[in-house]
Amino acid sequence: MDKRTFLKTSALLTATALWTPDSLLATETQVVSPFTLPKLAYNYADLEPHIDAMTMEIHHSKHHQTYITKLNEAIKDTKYEKESIEKILAMVDVKESAIRNNAGGHYNHSLFWKLLTPKSMAPTGKLLASMQSTYTNLDNFKELFGKEALARFGSGWVWLLIDQQQNLSIVSTPNQDNPLMTTIYKEFVGKKPLLCLDVWEHAYYLKYQNKRADYIKAFWNLVNWEEVAKNM
Ligand code: MN
């Protein structure tokens, strides 16, 4: 990268970071379209036995890639073409379903991969204190998050959010919707995601079939709490 490109990219990153959650920017190589598939920090088999290698491979290289391909197609020659993924999500309207579904799919999966690790260590510090203050203890938080994940009918995502007063909340969204879609969901203005879980069947069906509860339980063995803390 030459100096001019570097300065331009830095300015763009700084401008974006001022008004949007910046959790994706650290590893996202493409700030604007065409978006590309982010590399994982682990191998597909590394999350075994909790999430199997075949599920990871299909989920990342097929499902996530398809959202990216369709997103790039959907925003080509539109006002969204030169916007960051976070800005696209904030702007997208209920009527723009191709952009809504595929921008959501790209953002959600990019965040989710970073929140998984084969070397999960217990949360500490400010994050743990915050969860204890809201949910009494970590086990109770996991139970409430798990209940929300089980209650999400059909396909969707479960989220731990934080607002500007540092209050935590657990919510779920249908399909590939997410809390950054503040044109569609006014209730998410000023909140950003710390943690998310994909509860689409494609995320667990090969290993767990209809047993979503077992997949949710297994997820707790893989949470990258350091990454969750960074999102604060
Ligand atoms: Mn998925």
Side-chain angles (χ1 to χ4, degrees), residues 21 23-24 27-28 30 35-74 85-86 88-89 92 97-118 120 145-146 148-161 170-181 184-185 188 193-224 227-228 231:
S23 52
L24 270 186
T27 56
E28 190 68 43
Q30 296 292 119
F35 296 107
T36 55
L37 190 65
K39 287 194 169 55
L40 304 183
Y42 41 80
N43 296 315
Y44 292 139
D46 289 350
L47 305 184
E48 299 256 12
H50 310 294
I51 300 179
D52 60 289
M54 176 73 90
T55 295
M56 281 305 297
E57 181 173 354
I58 297 171
H59 201 176
H60 177 254
S61 70
K62 307 291 186 208
H63 289 282
H64 188 174
Q65 180 61 60
T66 301
Y67 295 120
I68 293 167
T69 304
K70 289 187 175 174
L71 171 63
N72 287 330
E73 281 168 15
I85 187 68
E86 289 85 355
I88 294 170
L89 292 166
V92 76
S97 55
I99 297 174
R100 175 183 183 175
N101 293 335
N102 294 297
H106 176 39
Y107 180 89
N108 297 350
H109 289 90
S110 300
L111 182 62
F112 184 51
W113 307 138
K114 289 174 66 181
L115 291 165
L116 301 176
T117 176
S120 178
F145 190 96
E148 187 72 30
L150 272 180
R152 165 50 54 194
F153 181 76
S155 299
W157 290 75
V158 189
W159 306 87
L160 174 65
L161 305 181
I170 297 167
V171 301
S172 72
T173 51
N175 306 314
Q176 294 295 348
D177 287 358
N178 69 42
L180 278 73
M181 295 178 176
I184 299 172
Y185 296 97
F188 293 141
L194 299 182
L195 175 67
C196 64
L197 174 62
D198 188 347
V199 295
W200 282 59
E201 281 189 346
H202 71 218
Y204 62 86
Y205 199 84
L206 290 181
K207 184 176 173 76
Y208 296 98
Q209 294 83 47
N210 60 318
K211 300 182 287 282
R212 187 189 283 185
D214 291 353
Y215 160 70
I216 296 164
K217 207 172 154 195
F219 165 68
W220 298 118
N221 295 300
L222 299 172
V223 175
N224 188 342
E227 204 59 42
V228 178
N231 293 339

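Every number for a ligand or one of its atoms is a count from 1 in the order of the listing.
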Once side-chain hydrogen bond (donor to acceptor under 3.5 Å, both in side chains) is applied, do any residues pair with Glu148, and if so which ones, sequence neighbours excluded?
Ser172
Not counting sequence neighbours, which residues clear side-chain hydrogen bond (donor to acceptor under 3.5 Å, both in side chains) with Asn175? List them please.
none
Closest non-hydrogen atom pair, Asn102 against Thr66:
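In terms of heavy atoms, the two residues are closest at OD1-O, 4.4 Å.
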Shell check on the Mn ion (ligand 1): protein N, O or S atoms less than 2.8 Å away are His59 NE2, His109 NE2, Asp198 OD2, His202 NE2
So, the side chain of Glu48 versus the backbone of Ala53: is there a donor-acceptor pair under 3.5 Å, distance only?
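Yes; judged by distance alone, with no hydrogens or angles, the pair exists.
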Treating His60 as the side-chain partner and Pro38 as the backbone partner, does any N or O pair qualify as donor plus acceptor under 3.5 Å?
yes
Sequence-distant partners of Ser155, side chain to side chain contact (heavy atoms under 4.5 Å, CB included), two or more places apart
Trp200
